[in-house]
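In listed order, ligands and their atoms are each counted from 1. Throughout, numbering of the chain's residues begins at 1 and tracks the sequence.
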Amino acid sequence: MELKNSVIAITGAGQGLGQSMAISLAQAGSHLALIDLNSQGLEETLQACTDFDTNIKLYCADVTDEQDVEATFERIVDDFGQLNGLVNNAGILRDGLLVKSKDGVISKMPLEQFSSVINVNLTGTFLCGREAAAKMIETGCAGVILNISSVARAGNIGQTNYAASKAGVATFATTWSRELAKYNIRCVAIAPGVIKTPMAAEMRPEAIERLEAMIPCHRMGETSEIANTVKFIFENDYVNGRVIEVDGGIRM
Ligand code: NAP
């Protein structure tokens with residue numbers, strides 16, 4: 001896909017990986033629909049893209065809210081007249097053990113802690129992917145839907161909710177690639193390892209140290225390394241239905 005003058009939506013674009021992807025795609029000449037709950041973050045991303053000659057619009061929306069998502073994609077197509085790409089990037093962490101015990105069970109992961117992560121990471125990706133596909137089909141646009149999974153999709157202690165959601169979004173990409181190929185829509189997932197973002201900063205320092213020791217590259221990834229992979233996937237028309245692992249070689 002030619003990035004110049006394409007229209008790409010990015011969820012969770014107000015900080016971290018989403019912001020880095022926005023800068024890289026704007027630099028490549030894509031017009032951007034930036035979606036996030038955090039309007040201040042969206043403004044910051046817009047400011048970071050002012051050097052590039054592209055059209056960028058901000059949409060404050062909650063990816064878990066079906067009506068909000070439907071209205072947002074409606075507005076995107078009204079504003080730009082087309083949609084060629086979506087990066088399903090919005091995601092949250094609410095880590096905790098399934099069950100904690102010390103001389104008997106002392107706590108269990110609350111259903112709300114489980115559901116909040118499933119709602120944003122899995123349901124949000126489903127809703128945005130569904131609306132993006134519908135709009136691409138309605139407007140006759142060839143396109144790419146890219147889901148941000150995680151190395152945790154293989155399973156990780158303390159991440160019942162997150163790991164399940166990230167396994168789910170990887171499977172969405174495989175399923176959608178098969179369903180949507182006839183409309184010239186490719187679907188791919190990226191499974192990043194540990195990347196230096198505000199989300200990673202929520203991890204305990206000792207957990208980061210332990211993780212870095214386990215990474216064959218001996219460091220966390222840079223946001224630009226994920227943004228480069230996003231660009232590569234958009235530009236390479238033969239990448240489809242796969243999960244691209246960008247994790248410094250870590251295996252969980
Ligand atoms: P981040 O810095 O926390 O940014 C996530 C953005 O998503 C925030 O701006 C957040 O807004 C927004 N968001 C949260 N819930 C939302 C909702 N319901 N609707 C719309 N926007 C919402 O995260 P990140 O580290 O850049 O990670 C981005 C993606 O990469 C996530 O899917 C994450 O799981 C995945 N990932 C990250 C890493 C890593 O090491 N960082 C590794 C593997 C995978 P608020 O600030 O208002 O909540």
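Ligand 1 has N89 within reach: a non-hydrogen atom of the residue lies less than 4.0 Å from it. At least one heavy atom of G193 sits less than 4.0 Å from an atom of ligand 1. Look at Q19 and you'll find every heavy atom at least 4.0 Å from all atoms of ligand 1. At least one heavy atom of S149 sits closer than 4.0 Å to an atom of ligand 1.
Close approach to Y162 involves these atoms of ligand 1, each under 4.0 Å from a residue heavy atom: 33 (C), 34 (O), 35 (C), 36 (N), 43 (C), 44 (C). Atom numbering of ligand 1 starts at 1 in the shown order; those under 4.0 Å from a heavy atom of A61 are 19 (N), 20 (C). For ligand 1, the atoms lying closer than 4.0 Å to a non-hydrogen atom of I92 are 14 (C), 15 (N). Less than 4.0 angstrom separates some heavy atom of D62 from each of these atoms of ligand 1: 17 (C), 18 (N), 19 (N). Counting atoms of ligand 1 from 1 in the listed order, those under 4.0 Å from a heavy atom of L17 are 26 (O), 27 (O), 28 (C), 30 (O), 37 (C).
Between G241 and V188 the shortest heavy-atom distance is N-CG2, 4.3 Å. Annotation for C128 and L86: closest pair O-CD2, 3.4 Å, computed over non-hydrogen atoms.
Once rounded to the nearest 0.5 Å, the distance linking OG1 of T54 with CG of L3 reads 11.5 Å. Going from atom OG of S224 over to atom NZ of K231 covers 12.0 Å, rounded to the nearest 0.5 Å.
The pair E212-R219 does not meet the salt-bridge criterion, since no charged nitrogen lies less than 4.0 angstrom from a carboxylate oxygen.
For atom 25 (O) of ligand 1, the nearest non-hydrogen atom from the set T197, I226, V120 comes from T197. Nearest-heavy-atom check against atom 5 (C) of ligand 1 across A13, G91, C128, G16 picks out G91. For atom 17 (C) of ligand 1, the nearest non-hydrogen atom from the set T45, V69, L37 comes from L37.
For a threshold of 3.5 Å applied to N or O pairs, the pair formed by D36 and ligand 1 contains at least one separation below that value. The shortest N or O to N or O distance between I195 and ligand 1 is under 3.5 Å. Residue S150 has no N or O atom closer than 3.5 Å to an N or O atom of ligand 1. Close N/O approach between T64 and ligand 1 is not found [any backbone or side-chain N/O within under 3.5 Å]. Residue G12 places no N or O, backbone or side chain, under 3.5 Å from any N or O of ligand 1. Distances between N or O atoms of V194 and those of ligand 1 include no value under 3.5 Å.
Counting non-hydrogen atoms of other residues, nucleotides and ligands closer than 6.0 Å to CG of L97 gives a total above 12.
Checking D79 against Y59 by side-chain atom types alone, a donor-acceptor pair falls below 3.5 Å. There is no side-chain donor-acceptor pair under 3.5 Å between Q82 and T139. Under the 3.5 Å distance criterion, with hydrogens and angles disregarded, no donor-acceptor pair is assigned to the side chains of N161 and Q159. Inspection of the S6 and S30 side chains reveals an N or O donor paired with an N or O acceptor under 3.5 Å.
For M220, no heavy-atom contact with ligand 1 is shorter than 4.0 Å.
Contact annotation: the side chain of K100 never approaches that of V105 to less than 4.5 Å [non-hydrogen atoms, C-beta and beyond]. Contact annotation: the side chain of N147 approaches that of W176 to within less than 4.5 Å [non-hydrogen atoms, C-beta and beyond].
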